[in-house]
Amino acid sequence: MVNAIIDNRPVCVEEGTTILDAAESIGILIPHLCYLKGLNEIAACRMCVVEVDGYERLVPACDNDVTEGMQVHTNSRRVREARRTNLRLLLSQHNTSCTTCIRSRNCELQNLAEDLNIHYQPYAVQPEPSVIDLSTPVIREAGKCIKCMRCVQVCDKIQDMHIWDIAGTGSRTTVDVSENRLLKDTDCTYCGQCITHCPTGALTARDETSRVLDALGDPEITTVVQVAPAVRVAWAEAFGLEPSFATPGRMAAALRSIGFDYVFDTNFSADLTIMEEGSEFVERFTHRDRYVWPMFTSCCPGWVRFLKSQFPSYTDNLSTAKSPQQMFGAVAKSYFAEKMGIDPHKMFVVSVMPCVSKKHECEIPTMRDACGDQDVDVAITTREMTRILRSEHIRPMDLKEEQFDNPLGSGSGAAVIFGATGGVMDAALRSAYYLVTGANPDPDAFRSVRGDRPWKESVFSIPGAGDVRVAVVSGLGNVRKLMEAVENGEVAYDFVEVMACPGGCAGGGGQPIHDGKEMAALRGDLLWGLDAKSVVRFSHENRDILDLYHDYLGKPLGERSHHLLHTDHHAWQMPSQMED
């Protein structure tokens, strides 16, 4: 332990503690921009400088440790002036059109400028020119980049994709796509983790709100919206509502207030996914010699892009089942359209997702199986949903709860946990057990695949089928380690659930941004809590799903099910495959 004095207050901390953390431990907050604990501690922004007795120069608090007897001044006149100068220099290269920036009111640069009382700019403002490419779901505006390096570190250290890098030298130094490429020409998975860790609006998800509002305003169009499981535990964070108040029913009421003709729950198609994917796994597992192993889940489009570019030889290992988003779109523009007498060509299907990569997924050429149009017309993020609610003057706190529409609005507890890491595996095993034995397992029998550990393994016994070796992994850096272990024969599994974002969809790149805070574990716990309270906890007991098979699909893996609900992962290519 070492003892120091920070702003005339004694502090005793473990050796190796930074000045920043030591100050925070006694309630003294030192401003910073680039710092992310354990990830980006490079002192690039110089906003956390402090004055230390005996040191001629100011030192950054984020990468200097407290030493015995150190006396630190975090807010002296010299420190304040240095921070203001540093911030004004950053702002001199920044596009400060805050009123039209997506991150306005949720921007660390904007907050810091206000906190430091920056109300005039003595330096000429010359932001880097931005060339915005709307062909990809991830958008970069160079003029808003502050060169903090967070995106580089997240992509390198957490996701292990190395899409971003430093470009240029001297005053022309900036952050750009690595190897002098365009983003559309890379194998970016569009996970969006760079977006949620960017402190400004330099990285954003392509905004689709205008397309949604245009469809809502067209009397010739029937608008249908589906909401993913993970959205329900995050949608109201921007409004400051407690999870107990921000119920799925209140979320349904908010979407209906915008003007959607039908408001459905992606939980329905999550149950449908389990019926197809669970049946597919049982078919493969009971005929092992016909298939390659392990079988991988295919719900996460970021993971599918990763596999196809980084480990393409394993593409056949992917489940052919579409994701819940795409299954919903296919069913909406076929079964539901027929049932309601709606022309599917005049139906506009919107999905609200915690994910940026879903924007790519709905545009894949093979996702047009219902009527020839895109099965899902547009995917918006949780953040975009919030912006639409605000632009339409919807106050969720004033709304009463309403039910989702039928028959695509029901879902089981097994469906809601799709948003948490381990949830797809847990749900699939519940129904796989039933499909083999004809009896339900304890819905909590597969608890060992739960939790926020990035790589989980377990073995479950299904009577009549044998032991099933499973793994659950989230975060692409962890996924790469698992894939290399599989490739090298170090591990052997039968069934593997993969999510590109750490913590699963709950921590997705389209979720609300809380700078410096990782929310996936908290949101995931809320999803598991919703499952525990559900009356129906098995996908195969969802009455509306059973009716769908009885009235329209026939059976899981049947001819019509295969046409609408499954896909060929070889039918489209990643940029690196096109080069080959």
Side-chain angles (χ1 to χ4, degrees), residues 40 93-95 101-103 127-168 172-209 211 300-310 312 353-365 378-381 383-384 475-477 479-480 500-501 508-511 513 572-580:
N40 198 40
Q93 296 182 331
H94 188 76
N95 179 352
C101 180
I102 284 176
R103 288 293 298 273
E128 182 181 346
S130 295
V131 178
I132 298 175
D133 181 5
L134 296 177
S135 67
T136 64
V138 176
I139 305 299
R140 179 176 182 271
E141 292 188 56
K144 295 178 182 178
C145 179
I146 60 170
K147 291 81 172 174
C148 69
M149 295 282 288
R150 285 190 186 185
C151 59
V152 177
Q153 303 281 36
V154 167
C155 196
D156 287 1
K157 295 180 180 179
I158 302 298
Q159 300 298 72
D160 198 21
M161 286 301 295
H162 309 278
I163 299 298
W164 305 106
D165 203 352
I166 289 292
R172 295 181 297 276
T173 299
T174 189
V175 174
D176 205 344
V177 181
S178 60
E179 300 177 20
N180 198 31
R181 298 172 293 175
L182 298 175
L183 188 60
K184 65 182 179 181
D185 297 326
T186 74
D187 287 325
C188 179
T189 63
Y190 307 132
C191 68
Q193 290 301 306
C194 57
I195 296 173
T196 58
H197 289 82
C198 175
T200 70
L203 288 166
T204 58
R206 186 181 60 214
D207 184 71
E208 316 275 7
T209 56
R211 291 183 62 195
C300 172
W303 146 242
V304 173
R305 285 182 64 86
F306 177 90
L307 183 76
K308 281 174 63 66
S309 65
Q310 309 298 302
M353 295 285 135
C355 174
V356 178
S357 197
K358 288 292 180 182
K359 293 175 179 288
H360 147 77
E361 182 184 50
C362 68
E363 295 173 344
I364 294 174
V378 63
I380 63 173
T381 63
R383 297 191 297 273
E384 286 171 279
L476 290 176
V479 175
R480 189 180 296 279
C501 294
Q511 294 281 62
I513 298 172
W572 57 277
Q573 293 182 312
M574 292 290 290
S576 58
Q577 294 171 320
M578 295 178 186
E579 293 172 4
D580 296 340

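The first residue of the sequence shown is numbered 1, and numbering continues consecutively from there.
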Minimum heavy-atom separation for [X] to [Y], with atom names?
X	Y	result
Lys144	Cys101	NZ-SG, 3.4 Å
Cys194	Val154	N-CG1, 4.3 Å
Pro575	Asp187	CD-OD1, 3.5 Å
Thr381	Gly510	CB-O, 3.4 Å

With a 4.5 Å heavy-atom cut-off, do [X] and [Y] have their side chains touching?
X	Y	result
Val177	Leu182	no
Arg305	Tyr190	yes
Arg480	Met161	yes
Cys145	Glu128	no
Cys191	Cys501	yes

Please name all residues satisfying side chain to side chain donor-acceptor pair (under 3.5 Å) with [X], sequence neighbours left out, ordered by chain then number.
X	result
His94	none
Ser309	none
Arg181	Ser178
Arg383	none

Legend entry - CA sep, side-chain torsions, deciding dist, call: Leu203, His197, side chain to side chain contact (heavy atoms under 4.5 Å, CB included): CA-CA 9 Å; Leu203 288 166; His197 289 82; over 6 Å; no
Inset, instruction - Might you work through the side chain to side chain contact (heavy atoms under 4.5 Å, CB included) test for Ser130 and Asn95, ending with a clear yes or no? - result: CA-CA 10 Å; Ser130 295; Asn95 179 352; 5.9 Å; no
Legend entry - Which residues share a salt bridge (charged side-chain N to carboxylate O under 4.0 Å, His left out) with Asp133, sequence neighbours left out: none
Legend entry - salt bridge (charged side-chain N to carboxylate O under 4.0 Å, His left out) partners of Arg103, counting only residues at least two apart: none
Output yes when a side-chain donor or acceptor of [X] lies under 3.5 Å from a complementary backbone atom of [Y], and no otherwise.
X	Y	value
Thr189	Phe306	no
Gln153	Cys148	no
Gln577	Met574	yes
Thr186	Cys188	yes
Lys157	Asn40	no

Any residue meeting side-chain contact (heavy atoms from CB on, under 4.5 Å) with [X], in chain and number order, not counting sequence neighbours:
X	value
Cys355	Pro301, Met353, Ser357, Lys358
Gln93	Lys147
Asp207	Ile102, Thr209, Glu384, Arg387

Let me confirm one number: the [atom1]-[atom2] distance from [X] to [Y], rounded to the nearest 0.5 Å.
X	Y	atom1	atom2	value
Ser135	Leu183	OG	CG	8.0 Å
Thr196	Gln511	OG1	CD	10.0 Å
Ile195	Ile139	CD1	CD1	8.5 Å
Ile166	Asp176	CD1	CG	10.0 Å
Ile132	Thr204	CD1	OG1	7.5 Å
Lys184	Thr136	NZ	OG1	9.0 Å

Legend entry - Test log, rule side chain to side chain contact (heavy atoms under 4.5 Å, CB included), inputs Val175 and Arg140: CA-CA 10 Å; Val175 174; Arg140 179 176 182 271; 4.2 Å; yes
Legend entry - Residue pair Asp160, Leu476: steps toward the side chain to side chain contact (heavy atoms under 4.5 Å, CB included) verdict: CA-CA 6 Å; Asp160 198 21; Leu476 290 176; 5.8 Å; no
Legend entry - Non-neighbouring partners of Trp164 that pass ring pair (Phe, Tyr, Trp, His ring centres under 6.0 Å), sequence neighbours left out: none
